[in-house]
Amino acid sequence: MELEDFAKEVMPKGGWGYLAGGSGDEFTLRRNVASFNSKGILPRVLADVEFPDTSTSILGHDLKVPFIMAPIAAHGLAHETKEAGTAKGIAEFGGTIMSISAYSGAKFSEIEEGLQGNARWFQIYMSKDDEFNRNIIDEAKADGATAIILTADSTLSGNRERDINNKFVYPFGMPIVSRYLSGDGKNMSLNNIYAQSKQKISPRDVKFLSEYSGLPVFVKGIQTAEDATLAIGAGAAGIWVSNHGGRQLDGAPGSFETLAEISAAVAGRVPIVFDSGIRRGEHIFKALASGADIVALGRPVLFGLALGGWKGVKSVLEYFETDLKRVMQLAGTQTIADVKQAKLKDLTDWNR
Ligand code: FMN
């Protein structure tokens, strides 16, 4: 992808390997994008469509587009403005949501300088000690988070061989979680940081977060119908289908390949967010037509940040909006509700 190639040019090797890389052979990383080719969008030519409407809503938020920002750690690797730069790009685009990672390199107050009151969800990597978890949730709520995302797929670090080869350590601290780390995050490896976070995650944690926060809780990292059912049973208000962008369990299917089955199990009880591999409007369309309510964008937004600061972020979001509108027009779908109803065609020879 062109954007990716340009971003690589402007980033140091270690930071680039961390951002672009996946785990193991990077089979799952590649498959996340490739597996969208397992389904085809049917062109509709007599559908009487003009100016498709991309607006939708989720959990009381009215959105201009059916995509939000995924939680990503350490934006400072891409640009000196860190998370505040991403936040400003999101705020200037408007009508979407920023997910704030627990491993952000900026404090809530610094992110707010860019976010300017725009909607935000908070992603937590839990501490082994619930007292710290309560403090973090209290701060996220005071900052205005309207949902909690429990990332459950990263109880330890995937086998990130690029990071090992580059001897990658975070060059700056992690103010939100430093209270439960032995250091402040600076010069620490991802392995070390994950090891100090909670490993044993169960439905009890979903229940704890949802009862303590009083906010809707998404469980992020769901790849099976079984886990979706467990999460909802424990009180999850949303399912976040993701394989962490191919950074955790290599050898897992493409995230898109797991979506339809999970959606059937969820059966409309709670909203579904989908991520991992979204690079084009076609991918957004296919995810929505396979059961997602909205999708989350990951690496492409950071590539934009690396290349142009907040303007780069805004421009990437505009690209996805324009591309999705084009696909909606060509597929004869006027609204997001129409996209969700669209039938995709199985393409049996997609691997060739
Ligand atoms: N997910 C989290 O829940 N918390 C994080 O702190 C986090 N940090 C990430 C850092 C990087 C550099 C990347 C690329 C992903 C990270 N993710 C994190 C995963 C994203 O939320 C998302 O699942 C993933 O980026 C989707 O894949 P894609 O970027 O290839 O589309």
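When a ligand or atom number is given, it counts from 1 through the structure's own listing order. We count residues from 1, following the sequence as given.
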Do Ala73 and ligand 1 have an N or O pair less than 3.5 Å apart?
yes
Under 3.5 Å between any N/O of Gly277 and any N/O of ligand 1: does that happen in this structure?
yes
Could you list the atoms of ligand 1 found under 4.0 angstrom from a heavy atom of [X]?
{"X": "Ser242", "value": "23 (O)"}
{"X": "Ser101", "value": "5 (C), 6 (O)"}
{"X": "Thr151", "value": "2 (C), 3 (O)"}
{"X": "Asp275", "value": "22 (C), 23 (O), 26 (C)"}
{"X": "Arg279", "value": "28 (P), 30 (O), 31 (O)"}
{"X": "Leu19", "value": "12 (C), 14 (C)"}

Could you tell me how the ring of Tyr18 sits relative to the ring of Tyr170: parallel (under 30°), tilted (30 to 60°) or perpendicular (over 60°)?
perpendicular
In terms of ring plane angle, is the pair Tyr103 and Tyr125 parallel, tilted or perpendicular, where the classes change at 30° and 60°?
tilted
Is the shortest side-chain N to carboxylate O distance from [X] to [Y] below 4.0 Å?
{"X": "Glu282", "Y": "Lys39", "value": "no"}
{"X": "Glu321", "Y": "Lys325", "value": "yes"}
{"X": "Arg326", "Y": "Asp323", "value": "yes"}

Considering only non-hydrogen protein atoms, determine which one is nearest to [atom] and report residue, atom name and distance to 0.1 Å.
{"atom": "atom 5 (C) of ligand 1", "result": "Tyr125 OH, 3.4 Å"}
{"atom": "atom 24 (C) of ligand 1", "result": "Gly245 N, 3.8 Å"}
{"atom": "atom 12 (C) of ligand 1", "result": "Arg247 NH2, 3.4 Å"}
{"atom": "atom 29 (O) of ligand 1", "result": "Arg299 N, 2.7 Å"}
{"atom": "atom 4 (N) of ligand 1", "result": "Gln123 OE1, 2.9 Å"}
{"atom": "atom 18 (C) of ligand 1", "result": "Pro71 O, 2.9 Å"}
{"atom": "atom 25 (O) of ligand 1", "result": "Gly298 CA, 3.8 Å"}

Any idea which heavy atoms bring Val219 and Ala236 closest together, and the distance?
CG2-CB, 4.0 Å
Could you establish whether Asn32 and ligand 1 come within less than 4.0 Å of each other, counting only heavy atoms on the residue side?
no
Cluster question for you: counting only ILVMFWY and a side-chain heavy-atom cut-off of under 4.5 Å, with indirect links fine, are Phe172 and Val169 together?
no
Quiz question: by atom type and distance under 3.5 Å, do the side chains of Asn159 and Asp250 form a donor-acceptor pair?
no
Is there a donor-acceptor contact under 3.5 Å linking the side chains of His244 and Ser276?
no
More than 12 heavy atoms of other residues, nucleotides or ligands under 6.0 Å from CG of Asp25: is that the case?
no
